[in-house]
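Numbered from 1 within each chain, the chains take letters A, B, ... in sequence-line order.
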Amino acid sequence: MQAQLSSLSGPLLARRWVQKNLFSNRWNSVLTVITLTLFAVIAYNLLRFVLVSAEWESVDVNRRLLFLATYPSAEEWRLWPPLWLFSGVAGLAYALWSRVSRREIVILGASAAFMFLLLAEGSNGALVATGTLIAVGAYAGGRRLRETRYDTTARRVAIGGGVAVLPLALILLNAGDGVRTTVWGGVMLNLTLATVGIGFGFPLGVMLALGRASSLPVVRLACAGYIEFVRAGPLILWLAMARFVLPDFLPTVGGLDEVDLVVRAMMVMAGFSGAYIAEVVRGGLQTIPRGQREAADAMGLNAFQTTWYIVLPQALRSVIPALVNRFVSLWKDTSLVVVLGFVDLLGAARAISAQPDFVGRQAAALLFAALVFWTVAFTMSRLSLRIERHLGVGER
Amino acid sequence: MAAESLRGRRLWRSGRARRMATQAGFSVLLLIFLAYMVERASHLDLDIGFMDAPAGFQISHTFVFGFDSGESRLAAYFVAVTNTIRLVVVGILLATVIGVLAGVARLSDNWLVSRIATVYVEVVRNTPLLVQIIFWYTAVFLKLPRIEAERSLFDVAFLSNRALALPWPEPRGDFFTAWVIVLALALVPGYFVRRIRARREAETGQTMRPNLYSLGVVLGIAAIGFLVLGLPVGIDTPTIVSEEFTKGYVGGLSVTPEFAALLIALVMYTGSFIAEIVRGSIQALPRGQTEAAMAVGLTGYQRITLVILPQALRSMIPSLTNEYLNLTKNSSLAAAIAYADLFQISEIIINKAGHAVVMFIIVIITYQVMSFTISAFMAFINRRVQLVGA
């Protein structure tokens, strides 16, 4: 069809295209006219809001509030190394497992420029630029190493670096005097909550899934009970529990019962996402044919070796897209901490309407918050689609 | 002695013994944990009596049952549960409609329609629900004019930031029950018309339009009954009553901005997930189904309603059930904009009376009962649509 059309000249081509795709029959023409009207109304109102009535000044003035909220500016240095490590790992991984298409260069360049303009205040500009350079450098290095004899080493470095982001961030945030969790806020709080939720929830979920698939009835029942109990209630309920109930049940050893609400919310996030990740992993475990285990038994592998070398690699591989979708949900769910009174990104956006300059005008800030949440979530869901295609799931 | 040690080693080697040992170890740890939890809980007051005390607060949204602050907390909780059920039931129905429409639209050969559906799904699905709820509430419904300067649509519907007042049908006169009976009786000839015409269509191959004719028969009888019994149903339009200090609406259907914002956000959000499920299920069908339907000469509408959707429905139902359960749990976000759902009311009760553990157990049981009802209903539907013997 493409070849057929391309032999036509421009205007005729456009006319053909419109006829084929918009007015192919009576019903389609009616549909096109209706949707076009609807689209025009929505687009007009949205554009009028974005260009005329929205007060983007409320976002511009409050950039710091939205990104860091009450986090002290003297402690900002602690946040940059983990971010740099992350951009390096991202660039390296992209180079090793995939490659950037021309379209993606445009998108990535635009988002880097946008981030730069958004954060370029004082020395931040240089720091963002450093991060970008690290990412680009890691990508270039990765491309050079790909499919040489250092390929495997480079892949191990990328995976190791990815795993190290969370510990590095936690170490830096607590090193020296540390930064009290109560002042964490803005986008940074959402990022930390999501990373902790994934970092601790994932191993927990894998263990729960293995337990649920175990042949030992006690273990199976306990794991199934935990998973179903957690999934019975909405996250907002468990967060409320972190506030009202958890202090009564935490052990008194090591001052664990006096941890503040942010840490308790993190525990809830990890426990909650663990239960949902377990269900995803269980789906992967069920795809492993019996013969795999039997073959491992026949080779004399013990239970741990069978699980670690045979079952888990295959099971996890087949559910990577579903896992990434779980991470997307977790990222979106971090906005729920506003019900605990935290000033995360959404909390900051809501707080703007209380400022004397912008009383009751939070639409622009809310849209901005939605945009930030959406960008991260959309990127991850595209990534999951890509991995899905790469793995050929659904084609088998 | 050698035999003894060999036996001991064999015991360790035997998988059964090791499994027993592992289980015993795990059970001991589990019991210690449970004992710890029970010990901790025993310090708390687990009496349920606090639910009988007078509530002492008003509920801003009630629908079938009224509520007065003198009634018990249990009554308040019951009213809140009805509020949640109202939200969930209406939400599930509308989300299914939106989701199926958007899912089919994404696969439309009309470029504009499929692109708009794609944008809708990708934007709404990847934005947190809570952000959407707060956006609809604060940036749309609270921005409507105040009730003094309300916007009216032809003087029958009114929009203001106090309430959305819409016209709603209402029984009139003495013959409403009689008309309902006529309506029920009209289904009998409708059923037979459908059966006869469907059989003749199958026998002769002529187009007999069984659904259209049976619908016509039922509606015709209903319309005649409607006229004979003297218009037993009227449309109740809202009117404004102004008293000295307050203004409000009487009659019609009055929807609070909280409910409207929640419903729209939940429906749009869940609808975008349902759209993906519908699309996936349709795409999973072999392409030959569409081609065969075209070869037989079915129109686009017939192709979708008679061939594609009935088959796609089979693989859709489990995921659809999951989305309905998600919607039920997500309805708890109502608390963020102070719609009196069961979670918000239970938080108020906790703030007033404590007893958080007991209250949370009640809430979890309530959600579990709702989830179970939905799952059971969907399992019933699932049995009806699955292939026999497949």
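Proximity of Leu333(B) to Leu336(A): side-chain heavy atoms (C-beta onward) are separated by under 4.5 Å at one or more points. Here the side chains of Glu122(B) and Arg382(A) are in contact, with some heavy-atom distance below 4.5 Å. Contact check for Val123(B) versus Phe378(A): no side-chain heavy atoms found under the 4.5 Å cut-off. With a 4.5 Å cut-off on side-chain heavy atoms, Leu237(A) and Ser332(B) do not count as touching. By the 4.5 Å heavy-atom criterion applied to side chains, Leu366(A) and Ile134(B) are counted as neighbours. Side-chain contact between Thr32(A) and Trp111(B) is absent, with no heavy atoms from C-beta onward closer than 4.5 Å. Residues Met359(B) and Phe244(A) have side chains not in contact (no heavy-atom distance under 4.5 Å, counting atoms from C-beta outward). With a 4.5 Å cut-off on side-chain heavy atoms, Phe343(B) and Pro234(A) do not count as touching.
Of the listed residues (Val219(A), Val328(A), Leu235(A)), the greatest number of heavy-atom pairs within a distance under 4.5 Å of chain B belongs to Val219(A). Ranked by non-hydrogen atom pairs under 4.5 Å with chain B, the options Ala222(A), Ser381(A), Ser353(A), Ala232(A) are led by Ala232(A). Ranked by heavy-atom pairs under 4.5 Å with chain B, the first of Phe373(A), Phe39(A), Phe49(A), Phe249(A) is Phe249(A). Comparing Gly233(A), Pro217(A), Ala369(A), Ala349(A) by heavy-atom pairs within less than 4.5 Å of chain B, the highest count is held by Pro217(A). Note on Val357(B), Asn126(B), Val113(B), Asn326(B): by heavy-atom pairs under 4.5 Å with chain A, the leading option is Asn126(B). Of the listed residues (Val245(A), Thr35(A), Ile236(A)), the greatest number of heavy-atom pairs within a distance under 4.5 Å of chain B belongs to Ile236(A). Chain A forms more heavy-atom pairs under 4.5 Å with one residue of Ser114(B), Pro128(B), Gly354(B) than with any other, namely Pro128(B). When each of Val140(B), Ile350(B), Thr328(B) is scored by its heavy-atom pairs under 4.5 Å with chain A, the top score falls to Ile350(B). With chain A as the partner, the residue from Ser108(B), Ala41(B), Ala105(B), Ala335(B) showing the most heavy-atom pairs under 4.5 Å is Ala41(B).
Atom CD of Gln23(B) and atom CG of Leu216(A) lie 4.5 Å apart (nearest 0.5 Å). Within the model, atoms CG of Leu130(B) and CZ of Arg350(A) stand 7.5 Å from one another, a figure rounded to the nearest 0.5 Å. Distance check, rounded to the nearest 0.5 Å: OG of Ser335(A) to CD of Gln132(B) gives 10.0 Å. Summarising the geometry, atom OG1 belonging to Thr127(B) is positioned 9.0 Å from atom CG belonging to Leu371(A); distances are rounded to the nearest 0.5 Å. Between the OH atom of Tyr269(B) and the NZ atom of Lys332(A) there is a distance of 3.0 Å, given to the nearest 0.5 Å.
For chain A, the nearby parts of Leu112(B) are the backbone and the side chain; heavy atoms of each come within less than 4.5 Å. With a 4.5 Å cut-off on non-hydrogen atoms, Ile365(B) does not touch chain A at all. For Ala284(B), no part lies under 4.5 angstrom from a heavy atom of chain A. In this structure, chain B has no heavy atom under 4.5 Å from any part of Ser329(A). Both the backbone and the side chain of Phe135(B) come within less than 4.5 Å of a heavy atom in chain A. Both the backbone and the side chain of Leu36(A) come within less than 4.5 Å of a heavy atom in chain B. With a threshold of 4.5 angstrom between heavy atoms, Val218(A) approaches chain B through its backbone and through its side chain. Contact of Leu346(A) with chain B is made through the side chain alone, with heavy-atom distances under 4.5 Å. Proximity to chain A is limited to the side chain of Glu347(B), based on heavy atoms less than 4.5 angstrom apart. In this structure, the portion of Val363(B) lying under 4.5 Å from any heavy atom of chain A is its side chain and not its backbone. Contacts between Val338(A) and chain B at a heavy-atom distance below 4.5 Å involve the side chain alone, from C-beta outward.
Between the Arg40(B) side chain and the Asp248(A) main chain, a donor and an acceptor come within less than 3.5 Å of each other. Checked by atom type and distance alone, the side chain of Lys329(B) pairs as donor or acceptor with a backbone atom of Arg231(A) at under 3.5 Å.
Around atom CZ of Arg220(A), more than 12 heavy atoms belonging to other residues, nucleotides or ligands sit under 6.0 Å away. Atom CZ of Arg293(A) is surrounded by 12 or fewer heavy atoms from other residues, nucleotides or ligands within 6.0 Å.
Between Leu250(A) and Tyr36(B), the shortest heavy-atom distance links the atoms C-OH, 3.2 Å.
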